[in-house]
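None of the values given here were measured: they were computed from a predicted structure. In what follows, every chain begins at residue 1, and chains take the letters A, B, ... in the order their sequences are listed. Worth knowing before you read on, the calculation uses all heavy atoms, side chains too, and leaves out hydrogens, waters and symmetry mates.
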Amino acid sequence: MKTVRVRFAPSPTGRLHIGGARTALFNWAYARRLGGKFILRIEDTDLERSKLEHERAILEGLSLLGLDWDEGPDVGGPFAPYRQTERLERHRAYAAKLLDTGAAYACFCSSERLEALREGQSARKEKPAYDRKCASLTAEEVAARRGAGEKPVVRFRVPEGTTRFIDHVRDEVAFENKEVDDWIMVRADGMPIYNFVVVCDDIDMGITHVFRGEEHLVNTPKQVLLYEALGATAPEFGHLPLMLGTDGKKLSKRTGDTALQDYLERGYPKAAIVNFLCLQGWALNGTTEIFSIEELVANFDIKDVTKAGAIFDIDKFQWMSGEYIRKYSVDELADLCTPYIVRAGLASEAQLAERRSWYLEVVRGEQERIRTFAELPARIAFLFAEDGAVPYEAEALKNARKQAAGLATLADYRTWLAEALAQGKSTAELRDATKAWVTARGIKMPVLFQPLRCSLTGQPGGPDLFDLIRLLGGDHALARIDAGLQRLSAPDGSPT
RNA sequence: GGCCCCAUCGUCUAGCCCGGCCUAGGACACCAGGUUUUCAUCCUGGCGACAGGGGUUCGAAUCCCCUUGGGGUCACCA
């Protein structure tokens, strides 16, 4: 059994697409499961759009997800280089060989002619295809036109017949060759094109399995034909179902974030991203939703991948993210959230470090309420607000005002609390004593707690109020109650 | 439009390859209760699908065909 060699071959023309991340993940898992090699290759033959910064970002994204590669542009390997533009010599040699055997031919048709050709075809409702005008040029003609300075493209001469290949996701797929156009392998400027280089490099790098997105399914016959023309054995394929937007179409910016980076910035834990990606087209056993990347590796098989496209369900993703958030220790979660708090401008990293134990309490209080790291700042912003100007959310205000006796109760409680605080009551004592105080007055808990919560936090929900009083500090809590007494009686609850 | 791929709850899926154990299981979302000082967490319950039609078979979500629907792709992009 030959060693499995799979690759992920992104083009550095933008940020890492979330679908690309899943493709990488499945390739990686397949290699790791079978003890094979996972190779990273950069497809940068599109000189216009390829950028080194994109390449760096992509590598970084993969690393963050915990995917490591055995060979690649940064780590090298036995088949270096791993950037396609650095392999031009090899590609040229293959092209020359194909030209030599007649499997490919030079084509001098201009872009303009091709465009006109296509226009005419589609106007006549014919399928757009090259008319093979240059397919029968003699060697002499080609040489003459080259000599005259004309720059031809190189086209693949598609033979007759039917092309079949193994697809591990959907069994065998077949295409009639007559449906395949005489596609361009090399541009007029000498730069080879994707469908051509990918085959050259996969051959040179000994790639045994090609798992990629379903949008490449129609490219496959072109490539398989090329393997045959080159006398090479085609690898086995596996076309992964597309990740769809809520409109049911290929995930695009129209319907949601498409870049891995977007989700990282939105504060989804990496492990949650990996876990969720697994579920788009694959299932561990149908009942286990939460599992680790190690479990993926131990159980992954390309044959178990679903055939149908999967709509990216952000609701489920957020739920899963929350599950991961709750699994962290408070300490870890605090560290993970820190950048988001800093970015929101609530506090600097140094300030949070200074008040580490306070910060940990804050995080502990919100851990079961947030689903992403990025949700924390908005939830705790009230802690950093001016006592007299805590923003009141409409819902909080409504809840507070629903209590007819709320204001009077809060006023009385304010006096009682000041006294209790002065006595140095602990949080637990304060909590118990307050409940006793409420009970003694013969009123329901919310009568006090709603206006109190609104005054203190301005939010309709949140952690235990006595934990909050400790976090705020007694003086601040009292100041906020004083402000609340005023603001709750004002028509719009605005700070005075 | 041609070609190709696909088709189980609203969504992600298990089951399908090797028909019976499926009165189709799980999860998210949603709804209703419970717990709670609120929100959240947590717990309980509910809603909810084999696209349609033909076959094959004692028996089909599972096999075959057709229809319908959806998607992908038709570049000197990848």
Side-chain angles (χ1 to χ4, degrees), chain A residues 9-14 43-46 48-50 107 109-111 114-115 118 122 125-129 151-155 167 169-171 173-176 178-181 183-189 191-195 197-198 212-221 239 241-242 244 246 248-250 276 279-290 303 306-320 322 326 366-371 379 395-396 399-400 431 434-435 438 444-450 452-454 457 459-466:
Chain A
S11 72
T13 54
E43 314 233 328
D44 56 351
T45 52
D46 183 343
E48 305 274 312
R49 299 190 296 153
S50 294
C107 169
C109 294
S110 67
S111 308
L114 262 18
E115 205 172 311
R118 275 193 293 268
S122 59
K125 292 191 173 173
E126 294 169 10
K127 58 178 177 187
K151 300 274 188 228
V153 300
V154 178
R155 282 185 187 273
D167 187 303
V169 175
R170 28 200 115 233
D171 297 328
V173 180
F175 285 83
E176 292 302 322
K178 65 177 190 302
E179 301 295 340
V180 183
D181 203 11
W183 52 283
I184 293 172
M185 294 170 19
V186 185
R187 297 174 173 91
D189 67 2
M191 277 304 286
I193 283 206
Y194 167 76
N195 276 312
V197 267
V198 75
R212 65 218 318 187
E214 194 187 335
E215 70 266 28
H216 287 287
L217 192 56
V218 293
N219 283 325
T220 311
H239 289 92
L242 258 19
L244 277 17
T246 45
K249 298 186 196 308
K250 197 160 74 160
F276 186 70
L279 258 24
Q280 298 282 293
W282 188 77
L284 183 58
N285 53 29
T287 56
T288 310
E289 309 286 334
I290 307 285
K303 290 184 174 63
T306 306
K307 296 181 182 61
I311 293 173
F312 192 92
D313 183 1
I314 198 75
D315 281 336
K316 185 159 183 174
F317 189 21
Q318 288 186 336
W319 161 77
M320 179 166 282
R326 270 165 248 130
E366 296 292 343
Q367 181 162 25
E368 65 195 25
R369 261 166 282 268
I370 60 175
R371 294 173 303 179
R379 292 206 56 89
E395 184 76 11
N399 291 346
R431 186 182 296 119
T434 298
K435 285 180 181 172
V438 170
K444 299 272 188 199
M445 296 289 181
V447 176
L448 168 65
F449 285 113
Q450 291 289 8
L452 180 57
R453 178 171 294 281
C454 183
T457 73
Q459 295 186 345
D464 174 82
L465 281 173
F466 302 95

Inset, instruction - Quote, to the nearest angstrom, the C1' distance that separates U23(B) from C42(B). - result: 31 Å
Inset, instruction - For residues Asn219(A) and Val198(A), determine if any side-chain heavy atom of one lies less than 4.5 Å from a side-chain heavy atom of the other. - result: no
Inset, instruction - Report yes if some heavy atom in the side chain of Lys307(A) is under 4.5 Å from a heavy atom in the side chain of Val169(A); otherwise report no. - result: yes
Legend entry - Nucleotide C39(B), atom C1' - distance to CZ of Arg379(A) in whole Å: 7 Å
Inset, instruction - Flag the pair Val173(A) / Thr220(A) as yes when at least one side-chain heavy-atom distance between them is below 4.5 Å, and no otherwise. - result: no
Inset, instruction - Work out which heavy atom in Pro460(A) is nearest to a heavy atom in Ala396(A); give both atom names and the distance. - result: N-CB, 3.5 Å
Legend entry - Student check: side-chain heavy atoms of Val153(A) and Ile193(A) closer than 4.5 Å: no
Inset, instruction - Please measure how far the P atom in U13(B) lies from the corresponding atom in U8(B), and state the result in whole Å. - result: 9 Å
Inset, instruction - Please work out if Gly281(A) contacts a base, only the sugar-phosphate, or nothing of the nucleic acid, heavy-atom cut-off 4.0 Å. - result: sugar-phosphate
Please enumerate all protein N or O atoms sitting under 3.5 Å from an N or O of nucleotides 41-52 of chain B, with distances to 0.1 Å.
none

Legend entry - Gln318(A) side chain to Arg371(A) backbone, donor-acceptor under 3.5 Å: no
Legend entry - Complementary nucleotide for A7(B) - Watson-Crick or wobble, under 3.5 Å: U68(B)
Inset, instruction - Let me have a per-nucleotide readout for nucleotides 67-78 of chain B, 5' to 3', with B, S or -, counting only protein heavy atoms under 4.0 Å. - result: ----SBSSSBBB
Legend entry - Contact nearer the 5' end of RNA chain B, comparing Val173(A) with Asp315(A): Val173(A)
Inset, instruction - Determine the Euclidean distance between corresponding P atoms of C17(B) and U67(B); express it in Å to zero decimal places. - result: 24 Å
Inset, instruction - Can you tell me the pairing partner of C22(B) across any strand shown, Watson-Crick or G-U wobble, with both distances under 3.5 angstrom? - result: none
Legend entry - Met445(A) or Ala283(A), whichever maps to the more 5' nucleotide of RNA chain B: Ala283(A)
Legend entry - Ala9(A) versus Glu43(A), closest heavy-atom pair with distance: CB-OE2, 3.0 Å
Inset, instruction - Determine the contact category for Gln367(A): base if any of its heavy atoms lies under 4.0 Å from a base atom, sugar-phosphate if only primed atoms, P, OP1 or OP2 are that close, otherwise nothing. - result: nothing
Legend entry - Length of the line joining Lys435(A):NZ and U38(B):C1', which is rounded to integer Å: 12 Å
Inset, instruction - For nucleotides C76(B) and C50(B), find the distance between their P atoms and express it as a whole number of Å. - result: 46 Å
Legend entry - Rounded interatomic separation in angstrom, taking CZ from Arg212(A) and C1' from C5(B): 14 Å
Legend entry - Euclidean distance, atom CD1 of residue Ile290(A) to atom C1' of A27(B) [Å, nearest integer]: 9 Å
Inset, instruction - Name the nucleic acid region contacted by Pro446(A), choosing base, sugar-phosphate or nothing; use a 4.0 angstrom heavy-atom cut-off, strictly under. - result: nothing
Inset, instruction - Classify the nucleic acid contact of Arg170(A) as base, sugar-phosphate or nothing, counting any heavy atom under 4.0 Å across all strands shown. - result: sugar-phosphate
Legend entry - Atom pair CZ (Arg212(A)) and NE2 (His239(A)), whose distance is rounded to the nearest 0.5 Å: 4.0 Å
Legend entry - Distance between C1' atoms of C39(B) and C77(B) (Å, rounded): 49 Å
Inset, instruction - Considering only atom C1', compute the distance from C43(B) to A7(B) and round it to an integer number of Å. - result: 37 Å
Legend entry - Separation between the C1' atoms of U73(B) and C12(B), rounded to whole Å: 26 Å
Inset, instruction - Mind telling me whether Phe312(A) and Phe317(A) have parallel, tilted or perpendicular rings, with 30° and 60° as the class edges? - result: perpendicular
Inset, instruction - Return yes if the base of G26(B) and the side-chain atoms of Glu289(A) contain a donor-acceptor N/O pair under 3.5 Å, otherwise no. - result: yes
Inset, instruction - Provide, to the nearest angstrom, the distance between the NZ atom belonging to Lys307(A) and the C1' atom belonging to C12(B). - result: 17 Å
Legend entry - Interatomic distance, Glu126(A) CD vs C3(B) P [rounded to whole Å]: 14 Å
Inset, instruction - For nucleotides C31(B) and A40(B), find the distance between their P atoms and express it as a whole number of Å. - result: 11 Å
Inset, instruction - Rounded to the nearest 0.5 Å, what's the gap from NZ on Lys127(A) to NZ on Lys178(A)? Could you check? - result: 7.0 Å
Inset, instruction - Give, for atom CZ of Arg379(A) and atom CD of Gln459(A), the distance between the pair rounded to the nearest 0.5 Å. - result: 5.5 Å
Inset, instruction - Let me know the distance between CD of Glu395(A) and C1' of A40(B), rounded to the nearest Å. - result: 14 Å
Legend entry - C42(B): pairing nucleotide in any strand, Watson-Crick or G-U under 3.5 angstrom: G34(B)
Inset, instruction - Nearest whole angstrom, please: distance from the P of A29(B) to the NZ of Lys316(A). - result: 9 Å
